2 protein chains.
Amino acid sequence: MTSTAVPPQTLTRLPVYARVLDDLVRRGVVTASSVELAAAAGVESAQLRRDLSHLGSYGKRGVGYDVAELRAQLRGALGVGRRRGVVVVGVGNLGRAVASYAGLVPRGFEVVALVDVDPQVVGTTVAGVEVGDLADLPRLVAEREVSLAVLTVPGAAAQDALDAVAASGVRSVLSFAPRALTVPDGVALRSVDVAAELQILSYYLPPV
Amino acid sequence: MTSTAVPPQTLTRLPVYARVLDDLVRRGVVTASSVELAAAAGVESAQLRRDLSHLGSYGKRGVGYDVAELRAQLRGALGVGRRRGVVVVGVGNLGRAVASYAGLVPRGFEVVALVDVDPQVVGTTVAGVEVGDLADLPRLVAEREVSLAVLTVPGAAAQDALDAVAASGVRSVLSFAPRALTVPDGVALRSVDVAAELQILSYYLPPV
DNA sequence: GCATGTGAAACAGTTCACAGCG
DNA sequence: CGCTGTGAACTGTTTCACATGC
């Protein structure tokens with residue numbers, strides 16, 4: 001299949017494959033079969049082949065995949081290589097941790113703006129970036145070419161924060177707030193809820 | 001249906017429903033229909049009814065669900081109410097943020113132990129808890145009745161950390177490390193990868 | 001009368017297994 | 001000959017639509 005839309009569940013696995021290929025490149029591996037790639041990624045080989053087929057990707061029959069070429073295709077699909085400006089909204093403990101997270105830079109993400117509403121926090125510098133006021137978001141987004149937002153605000157502030165980033169032109173948002181959010185038109189939202197993850201794990205723990 | 005195993009995808013929505021019911025209780029609402037609950041949770045009403053049916057949950061036909069009763073059932077399934085001790089493995093920025101995260105306590109999670117390998121960090125106090133050495137994990141887990149672990153270690157250390165927490169008796173683990181991990185027998189693992197989430201969002205951004 | 005709970009239908013995702021190509 | 005790419009079978013999930021019972 002050629003590159004029509006990638007199914008959602010496949011999409012969540014592409015970054016995993018990309019990471020595996022980064023490793024292989026680092027180790028000088030030139031070619032890898034679907035069985036080898038799948039083992040490193042923790043999935044079935046048939047699933048990996050099916051996933052890659054959605055990208056219109058080409059391996060060589062009898063040989064496997066060219067590591068460098070496949071890596072390039074995945075990076076292309078995920079927009080790695082293009083610089084992606086990120087704004088962190090909400091500079092509490094979690095916001096600081098995200099702003100300081102070293103794992104973003106190698107994947108092309110750069111935290112170029114931080115905003116908060118607390119006057120005690122606005123004006124301070126975190127991870128080399130001065131914290132701006134939430135009201136300045138539209139200007140910061142435009143000036144610094146922000147394309148993604150990370151919401152690390154309290155739950156009660158999350159909907160307003162989402163509306164604000166959407167209004168300022170950001171179309172991709174990752175929220176850490178424990179809230180169901182109404183998503184403005186044209187915005188892609190993903191949510192991570194740490195307490196919810198722990199509750200899901202709790203389900204498997206012995207009761208009482 | 002009565003309480004057989006809850007399907008995985010249903011399970012991920014139960015904490016959302018639990019949150020919605022918390023809100024309704026706070027606002028003094030006594031009864032709610034599947035349409036109302038589903039709207040607040042951001043899902044379809046049929047899906048919510050199907051999900052709840054897996055719990056063997058009982059609403060009243062023609063009326064809806066008793067908010068307090070349904071909340072109690074969900075809390076029971078997710079183990080809320082039972083105190084859950086959590087150990088945070090890796091006391092960097094993210095580990096500190098998790099340890100200080102106020103959203104855990106209302107859901108019954110208590111960070112009772114922190115461990116790291118860095119001698120500069122071991123012995124310091126974070127969020128009111130003294131940081132222990134990774135080598136002390138088995139003792140800390142036993143003494144403080146830890147049932148869940150959160151891994152906030154660098155990717156390269158994640159597999160060792162997972163093996164260590166599993167060996168110390170923890171059976172439920174939430175990892176923030178950007179790595180595919182081999183899961184020891186009997187352990188439930190969930191993973192959150194912030195950079196991967198941003199990459200998934202990047203897929204939807206305009207290219208080049 | 002009205003909203004639940006659930007068969008049945010529709011849809012989506014995964015795995016099997018092999019034809020076909022390098 | 002070995003491995004990809006993919007039809008076909010299968011498994012799981014969501015949605016429909018309505019009989020049932022409060």
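First the proteins, then the strands, lettered A, B, ... as listed; each starts at 1. These numbers were taken from a predicted model, which means no experiment stands behind them.
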TODO: Would you kindly give the NE2-to-C1' distance between A/H54 and C/dA12, to the nearest whole Å?
DONE: 11 Å

Task: A/L70 vs A/L37 side-chain heavy atoms within contact, under 4.5 Å - done: yes

TODO: Taking only the side-chain nitrogens and oxygens of A/Y58, find out if one of them lies under 4.0 Å from OP1 or OP2 of D/dC3.
DONE: no

TODO: Nearest whole angstrom, please: distance from the C1' of C/dG13 to the CG of A/L48.
DONE: 15 Å

TODO: Let me know the distance between CG of A/L52 and C1' of C/dT14, rounded to the nearest Å.
DONE: 15 Å

Task: Neighbour count >12 (heavy atoms, 6.0 Å) for atom CZ, B/R171 - done: no

TODO: Return the value, rounded to whole Å, for the distance between atom CG of B/L37 and atom P of C/dA3.
DONE: 13 Å

Task: Nucleotide-resolved protein contact map, nucleotides 16-22 of chain C, B/S/- at heavy-atom distance under 4.0 Å - done: -B-BBBB

Open item on the list: Output the rounded distance in Å from CG (B/L70) to C1' (C/dT4).
Closed with: 12 Å

- [ ] Could you state the atom-to-atom distance from CG of A/L55 to P of D/dT4 in whole Å?
- [x] 15 Å

TODO: On DNA chain C, check which nucleotide each of B/Y65 and A/T10 is closest to and give me the residue with the more 5' one.
DONE: B/Y65

Task: Side-chain donor-acceptor pair present, A/Y17, A/D51, cut-off under 3.5 Å - done: yes

- [ ] Of all the heavy-atom pairs spanning A/A149 and A/V170, show the shortest one and how long it is.
- [x] N-CG1, 3.7 Å

Open item on the list: Check the phosphate of D/dT4 against A/S34, side-chain N and O only, distance under 4.0 Å to OP1 or OP2. Yes or no?
Closed with: yes

Task: Listed nucleotide nearest any side-chain atom of A/S33, set D/dT4, D/dT6, C/dA3 - done: D/dT4

- [ ] Compare every heavy atom of A/E36 with every heavy atom of A/T31, then report the nearest pair and how far apart it is.
- [x] O-OE1, 4.3 Å

Open item on the list: Under a 3.5 Å cutoff, is there a donor and acceptor pairing between the side chains of A/S34 and A/R49?
Closed with: yes

Task: Side chain to side chain, A/L151 and A/V165, heavy atoms closer than 4.5 Å - done: yes

Task: Value in whole Å for how far the P atom of D/dT15 lies from CG of B/D51 - done: 10 Å

Task: Rounded distance (Å) that lies between atom P of D/dT15 and atom CD of B/Q9 - done: 11 Å

